[in-house]
Amino acid sequence: MNDPTTQNHAGGSEMLEAARREKLRKIQAMGIDPWGGRFDGHAAIAEIRAREKEIVVEPTGDCATGHPPEQHGPKVRAAGRIVLQRKAGKLIFIDVRDWTGQIQLFIGRNQVGERNWELAGLLDLGDLIGVDGELRHTKTGELTIFVEQLHFLAKAIDTPPAKHKGLQDPELRQRRRYLDLIHTEGSLERALHRTAIVRSVRDTLASERFVEVEGPTLHAIAGGAAARPFTTHHNALDIDLHLRIALELHLKRLLVGGIERVFELGRVYRNEGIDARHNPEFTMLEVYQAYGDYRTMMDLTEKIIIEAINATGQQYQLDWGGKTIDFTPPFARMTYAELFAEHTGVEADDETAIREAAARDGIEHRGKHIDVVKNLLFEQRVEGALCGPIFVYDYPASICPLTKRKADDPTVAERFELFVQGMELANAYTELNDPDLQEELFSRQLEGLPEEESMARMDRDFLRALRQGMPPAGGLGVGIDRLVMLLTGATTIREVILFPLLRPEVE
RNA sequence: GAGGCUGUAGCUCAGUCGGUAGAGCAACGGACUUUUAAUCCGUAGGUCUCGGGUUCGAGCCCCGACAGCCUCACCA
């Protein structure tokens, strides 16, 4: 049976699988279900490790004869995945891991009895097991569960990756995220950190009396942002629909409807390119507060981020891509015009100088509105240089059609963006609530931009809602994936999205 | 969409000048009752991503396709 010549045409993976299936068969032959079942009463491995101090050492040990002192520890029950196995004759050491930690098991032939020993011999890396045993130290001082009873919970038919190097291929890490979570250092922790951050954002908003709502994701008109939408079709109504590109226009309708502090934390979809900072579906937070303005939102943004950092148990100085980002509040605040002048050497109201500077940077500026040119220059020269966190506020009005202008300077919009490491993390406005001005701005396409990039698609019902009277309000958008990136040290968005979009695997 | 890099055993990676495909881990057989990436002896495992081409001969050179990564463009 084990004669290699009888298996000479089997491939490597087939041999590996055959060996595991043979063990599975033997487990079944022992009358044990290799797919396990309910396993009650086990403690998290981290909790078990915390019981180390309950181990008592009897003073009967005899150092002269080399016999270890007698130990008594608590009886514990654990469950987890086998990540390492060392066989030494009639002993097996196993390292088992759950989502809280890892611990060593000791299985001795004379200690567990023949049936457990037989089962132990059928264990493979990757199998899921449960154990009952006593928590003690080995000779070398390693905290260990000395197994008394072994429970088989599930078989791994496929071989896990190299036990120490784990998965290195970024493609495999994304396509088989389950393996990545098991075997890549920090992968599971990052996923759990993400949920802690999202929960913290919700808690912070709830503590400020904001209420969470769920708007539609299927839109007849995909508005609220400048992005190309995905298109789909509803059969019964026979209409084309778009997946939402923003949450904004429905939340504002709710503001009109009297939900004075409202937010939605949800997925939006943009049919754009994919890179380290962009995934076609991503998670957005949008918040609206009646009777507030963009400064209200600035304070709220800072609070949301600070609380999220606290929720992950980290300090305010965070490592990110080899650099340190200092989130110690208060964050820096500078106007668009100040930063523009500082980084370009050109005053923000000097049109001739701006066009000259744009030409020097190779930016095509002819026929474009001066604010568009200014913003191209800003994006090229300023944004990438902002380490942050820094609130950039008071933007040129013409590039912000949904924003209220300053009362004393209609060329300036009450808007801020929060930049960290050159990334736009948050974007907020004092919302425009004048329906006539809104309609005019919607209608008048932004000069120099093609139609599909502008917000020319008119949402008539949204304008009708504004005519009912929308309270003056502050509005905020936060890119949750980017926030998680910054707070978990991830330098690509694919690290914080469990299942990023990939081309389908070809067989 | 453009350019660059990468693709070899289940996993991680070597592969020189174009001359019969290599290692570690994992697996299989054996030894071992305190190991820590256990160790030791032995065995097996390959459509070199796919398809063409050049050549006496291609993992290696050329062309094309597919996938991933990076940079750029769009975008947040």
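FYI, side chains are in, hydrogens and waters are out, and symmetry mates aren't considered; it's all heavy atoms of this structure.
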Please state how far atom CZ in R277(A) lies from atom C1' in C70(B), giving the value in whole angstrom units. 13 Å
Is there ring stacking between F282(A) and A76(B), where the centres must be under 5.5 angstrom apart and the planes under 30 degrees? yes
Using the side-chain heavy atoms of L84(A), tell me which of these nucleotides is nearest: C69(B), U35(B), A37(B). A37(B)
Is it the case that Y336(A) and N375(A) place a side-chain donor and acceptor less than 3.5 Å from each other? yes
Does Q104(A) make a side-chain donor-acceptor contact with the base of U35(B), cut-off 3.5 Å? yes
Flag side-chain contact, heavy atom, 4.5 Å: L188(A) against R97(A): no
Would you call E302(A) and F391(A) a side-chain contact if the rule is heavy atoms closer than 4.5 Å? yes
Tell me yes or no: between the side chains of D240(A) and T231(A), is some donor less than 3.5 Å from an acceptor? no
Salt bridge (Lys or Arg N to Asp or Glu O under 4.0 Å) test vs R244(A) passes for just one of E264(A), E281(A), E286(A), namely E264(A)
Just the rounded figure in Å: distance from P of A9(B) to NZ of K165(A). 15 Å
Tell me the interatomic distance from M15(A), atom CE, to G45(B), atom P, rounded to whole angstroms. 7 Å
Does G166(A) reach a base, just sugar-phosphate, or nothing at all? Heavy atoms under 4.0 Å. sugar-phosphate
Considering every strand and a 4.0 Å limit on heavy-atom distances, what is the contact class for K90(A): base, sugar-phosphate, or nothing? base
Could you tell me how far G24(B) sits from C63(B) if I compare only their P atoms? Round to whole Å. 36 Å
Euclidean distance for P, G57(B) against G29(B) (whole angstrom): 44 Å
Integer angstrom distance from the P of U12(B) to that of C69(B): 15 Å
How far, in whole Å, is G46(B) from C70(B) if one measures between their P atoms? 33 Å
Using whole Å, what does the distance between atom P of nucleotide A23(B) and atom NE2 of H164(A) come to? 20 Å
Of C11(B), U34(B), A27(B), the nucleotide closest to the side chain of A19(A) is A27(B)
For Y294(A), what residues pass the side-chain hydrogen bond (donor to acceptor under 3.5 Å, both in side chains) criterion, not counting sequence neighbours? D394(A), K406(A)
Closest to the side chain of R503(A), out of G68(B), A27(B), C11(B), is G68(B)
Given U12(B), C69(B), C70(B), identify the nucleotide with an atom nearest to the side chain of T492(A). C70(B)
With heavy atoms under 4.0 Å as the rule, sort E142(A) into base, sugar-phosphate or nothing. base
C1'-based separation of C60(B) from U16(B) [nearest Å]: 11 Å
Are more than 12 heavy atoms from other residues, nucleotides or ligands located less than 6.0 Å from atom CH2 of W117(A)? yes
Between the base of C74(B) and the side chain of D275(A), is one N or O donor paired with an acceptor at under 3.5 angstrom? yes
Pairing check on G10(B): which nucleotide meets the Watson-Crick or G-U wobble criteria with it, both distances under 3.5 Å? C25(B)
Spacing of K87(A) atom NZ relative to A37(B) atom P, expressed in whole Å: 19 Å
Shortest side-chain distance from Q174(A), nucleotide among U35(B), C69(B), A26(B): C69(B)
Classify the nucleic acid contact of A88(A) as base, sugar-phosphate or nothing, counting any heavy atom under 4.0 Å across all strands shown. base
U39(B) P sits how many Å from F93(A) CZ, rounded? 14 Å
Mutual orientation of the aromatic rings belonging to F378(A) and F340(A) [parallel < 30°, tilted 30-60°, perpendicular > 60°]: parallel
Pairing partner of A2(B) (Watson-Crick or G-U wobble, both distances under 3.5 Å): U71(B)
When the C1' atoms of G10(B) and G45(B) are considered, how many whole Å apart are they? 10 Å
L16(A) side chain: which of C32(B), A26(B), A76(B) is closest? A26(B)
For nucleotides U49(B) and G7(B), find the distance between their C1' atoms and express it as a whole number of Å. 6 Å
Consider the side chain of F106(A), meaning its heavy atoms from C-beta on, and name the nucleotide among U12(B), U34(B), C28(B) that approaches it most closely. U34(B)
Hey, could you give me the CE/OH distance between M334(A) and Y393(A), rounded to the nearest 0.5 Å? 8.5 Å
Is T491(A) touching bases, backbone alone, or none of the nucleic acid, heavy atoms closer than 4.0 Å? nothing
Can any side-chain N or O of W320(A) pair as donor or acceptor with the backbone N or O of M485(A) at less than 3.5 Å? yes
Under a 3.5 Å limit on both distances, the Watson-Crick or wobble mate of A44(B) is none
With a 3.5 angstrom cut-off on both distances, give the Watson-Crick or G-U wobble partner of G57(B), or none if there isn't one. none
Starting at the 5' end of RNA chain B and moving along, which residue's nearest nucleotide shows up first, L91(A) or Q85(A)? L91(A)
Give none if U20(B) has no partner; otherwise give the nucleotide forming a Watson-Crick or G-U wobble pair with it, both distances under 3.5 Å. none
Any R86(A) side-chain nitrogen or oxygen under 4.0 Å from OP1 or OP2 of U35(B): no
Indicate, with a heavy-atom threshold strictly under 4.0 Å, whether G479(A) touches base, sugar-phosphate, or nothing. nothing
Using Watson-Crick or G-U wobble geometry with both distances below 3.5 Å, tell me the partner of A65(B), or none. U49(B)
Quote, to the nearest angstrom, the C1' distance that separates A14(B) from C56(B). 28 Å
Go through residues 112-119 of chain A and report each residue with a non-hydrogen atom lying under 4.0 Å from RNA chain B, sorted by number. none
Does a donor on one side chain sit under 3.5 Å from an acceptor on the other, for R482(A) and Q421(A)? no
Quick check: does any side chain N or O of D127(A) sit under 3.5 Å from a backbone N or O of A156(A), one acting as donor and the other as acceptor? yes
Looking at A26(B), I'd like to know if its phosphate oxygens (OP1 or OP2) sit under 4.0 Å from a side-chain N or O belonging to K163(A). yes
On RNA chain B, compare the nucleotides closest to R494(A) and M284(A); which residue's is nearer the 5' end? R494(A)
What does A37(B) pair with, Watson-Crick or G-U, if both distances are under 3.5 Å? none
What's the closest nucleotide to the R175(A) side chain, out of A27(B), C11(B), A67(B)? A67(B)
Quick one: label E272(A) by what it contacts on the DNA or RNA (base, sugar-phosphate, nothing), any heavy atom closer than 4.0 Å. base
What is the distance from CD1 of I497(A) to P of A76(B), rounded to the nearest Å? 16 Å
Return the value, rounded to whole Å, for the distance between atom CD1 of I92(A) and atom P of C32(B). 14 Å
